[in-house]
Protein chains: 2
Amino acid sequence: MCIMDVMNLLQTAGPAVDASCCVPSDKPVLGIEEAQRKALVFKALADPNRLRLLSIVKAEASGESCVCDLTEPLDLGQPTVSHHLKILVEAGILHREKRGTWAYYSLVPGVMDDIAGILSAL
Amino acid sequence: MCIMDVMNLLQTAGPAVDASCCVPSDKPVLGIEEAQRKALVFKALADPNRLRLLSIVKAEASGESCVCDLTEPLDLGQPTVSHHLKILVEAGILHREKRGTWAYYSLVPGVMDDIAGILSAL
DNA sequence: CACATAGATTGACATTCATCGATATAGCTG
DNA sequence: CAGCTATATCGATGAATGTCAATCTATGTG
């Protein structure tokens, strides 16, 4: 806490002092654990290649994409794409469904709105 | 491109083949540069302490917070907080205004909606 | 069963990043 | 001007991350 804050607190009442830098709010700050949980979602979005993966999955008319069609347009190796997809699934953004030999990835319904909600509720 | 895609492409027309993993979409993928630009915003949000900073700034009734009141509740050193604030400013999320000795940080108006827009437009 | 293919996992490596201590800069005050 | 205070910048360090090559697992096919 800075000195100006102390000065403010010493004032038991009365109008705001000028020359004060600010009055600290006593509202509850976003908790550490909750902040970490929310940061996980944005970490998942914080990579250009993962954003491109999402754009491909989203553009797919069927709503689904398999890994083999996600690897080529990104010019990345197959293990790297699998790694990115895993991060997106663990963040709750993508859904993974294995049918036979192939794995299909799709957007979790409503997840974009959910993320927008996280922002609004900060 | 996987073998099943090749098989699909070799079919000049006709109904969808079963046993195909997927049909690659020819829609334009999010470009590399655009993806990098958008990822910058999410990188800025991808840290728990930066989310907490945003929550404090947002909760402030005046809409502004100075660094001295942002340092204590996060239990971080002053240089670290300055560093995080710089990242948020460079991402276009926070606005910095220096008045006298103090620096005041405030949310850029409408930025939350802008970020939600980035998500929708992926 | 033997083999091929789709996808996941592992281990290594280089890069990026969060954090801190020390220092620099800029504005205020005597 | 000298000293103090708020904030920014710098340099170093340890941790996290993106990428790849190699390998593993599971499913389908002869």
Side-chain angles (χ1 to χ4, degrees), chain A residues 1-8 17-22 24 32 35-36 39-40 42-53 64-72 74-91 94 96-105, chain B residues 1-8 17-22 24 32 35-36 39-40 42-53 64-72 74-91 94 96-105:
Chain A
M1 176 174 296
C2 67
I3 285 192
M4 302 313 296
D5 292 338
V6 176
M7 292 175 58
N8 283 327
V17 214
D18 58 314
S20 74
C21 72
C22 43
I32 296 181
Q36 286 176 337
L40 275 187
F42 295 114
K43 274 186 207 285
L45 296 171
D47 181 272
N49 285 320
R50 285 198 287 272
L51 291 183
R52 302 186 80 200
L53 284 174
E64 294 181 324
S65 305
C66 72
V67 178
C68 66
D69 279 327
L70 293 170
T71 303
E72 191 200 5
L74 260 64
D75 200 35
L76 288 178
Q78 172 265 319
T80 303
V81 173
S82 261
H83 168 70
H84 285 312
L85 290 170
K86 184 179 184 180
I87 290 178
L88 288 168
V89 168
E90 286 174 345
L94 284 186
R96 176 181 184 271
E97 181 182 354
K98 189 160 188 186
R99 292 201 301 269
T101 309
W102 296 284
Y104 295 86
Y105 287 88
Chain B
M1 179 175 293
C2 68
I3 286 193
M4 301 314 296
D5 293 336
V6 176
M7 291 175 59
N8 283 327
V17 213
D18 58 315
S20 75
C21 69
C22 44
I32 295 182
Q36 285 176 336
L40 275 187
F42 296 114
K43 274 186 207 287
L45 296 171
D47 180 272
N49 284 320
R50 285 198 288 271
L51 291 183
R52 301 186 81 200
L53 283 174
E64 294 181 325
S65 305
C66 71
V67 178
C68 67
D69 280 327
L70 293 171
T71 303
E72 191 200 8
L74 260 64
D75 200 35
L76 289 178
Q78 173 266 318
T80 303
V81 172
S82 262
H83 169 70
H84 285 312
L85 290 171
K86 185 178 185 181
I87 290 177
L88 289 168
V89 168
E90 287 175 345
L94 284 187
R96 176 183 185 270
E97 182 182 355
K98 190 160 189 186
R99 291 201 302 269
T101 309
W102 295 284
Y104 295 86
Y105 288 87

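To find a chain, count down the sequence lines: A is the first, B the second, and so on, and within it residues start at 1. What you see is a predicted model; the values in this text were computed from it and never measured.
Rounding to the nearest 0.5 Å places CD1 of A:Ile32 at 12.5 Å from CG of B:Leu51. Note: A:Arg52 CZ to A:Leu74 CG = 5.0 Å, rounded to the nearest 0.5 Å. Rounded to the nearest 0.5 angstrom, B:Ile87 CD1 and B:Leu40 CG are separated by 10.5 Å. The NZ atom of B:Lys86 sits 9.5 Å away from atom OH of B:Tyr105, with the distance rounded to the nearest 0.5 Å. Atoms CG and CD, from A:Leu85 and A:Gln78 in turn, are 10.0 Å apart once rounded to the nearest 0.5 Å. Expressed to the nearest 0.5 Å, how far SG of B:Cys66 lies from CZ of B:Arg99 amounts to 10.0 Å.
The side chain of A:Lys86 places no N or O atom within less than 4.0 Å of a non-bridging phosphate oxygen (OP1 or OP2) of C:dA8. Between B:Tyr105 and D:dA6 there is no side-chain polar atom (N or O) within less than 4.0 angstrom of OP1 or OP2.
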Quick one, give me the B/S/- string for nucleotides 14-27 of chain C, reading 5' to 3', where B means a protein heavy atom under 4.0 Å from the base and S means that only happens at the primed atoms, P, OP1 or OP2. ---SSBBBB----S

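For the helix from C:dC1-D:dG30 to C:dG30-D:dC1, the end axes, each set by the C1' atoms of five terminal pairs, are bent relative to each other by 20° (nearest 10°).
In terms of the side-chain contact (heavy atoms from CB on, under 4.5 Å) criterion, residue partners of A:His84 (sequence neighbours excluded) are, by chain and number, A:Asp47, A:Asn49, A:Arg50, A:Leu53, A:Leu76, A:Thr80.
Distance A:Arg99 CZ to D:dG28 P: 12 Å, rounded to the nearest Å. One interatomic measurement links the two molecules: CG of A:Leu74 to C1' of D:dT19, which rounds to 13 Å at whole-angstrom precision. Taking atom CG of residue B:Asp69 and atom P of nucleotide D:dT5, one finds them 17 Å apart after rounding to whole Å. For the pair B:Leu85 CG and D:dA8 C1', the interatomic distance rounds to 11 Å; values are reported in whole Å. For the pair A:Leu88 CG and D:dT17 P, the computed distance is 14 Å after rounding to whole Å. At whole-Å resolution of the value, CG in A:Leu70 and C1' in D:dT19 are 17 Å apart. Following rounding to the nearest Å, B:Glu72 (CD) and D:dA6 (C1') show an atom-to-atom distance of 16 Å. Here D:dT27 presents its C1' atom at 13 Å from OH of A:Tyr104, a figure rounded to the nearest Å.
Contact between A:Ala44 and A:Ala91 at its shortest, heavy atoms only, is CB-CB, 3.5 Å.
Looking only at distances, no side-chain donor or acceptor of B:Lys98 sits under 3.5 Å from a matching main-chain atom of B:Ala103.
Counting any heavy atom pair closer than 4.0 Å across all strands shown, B:Arg96 reaches sugar-phosphate atoms only and no base atom.
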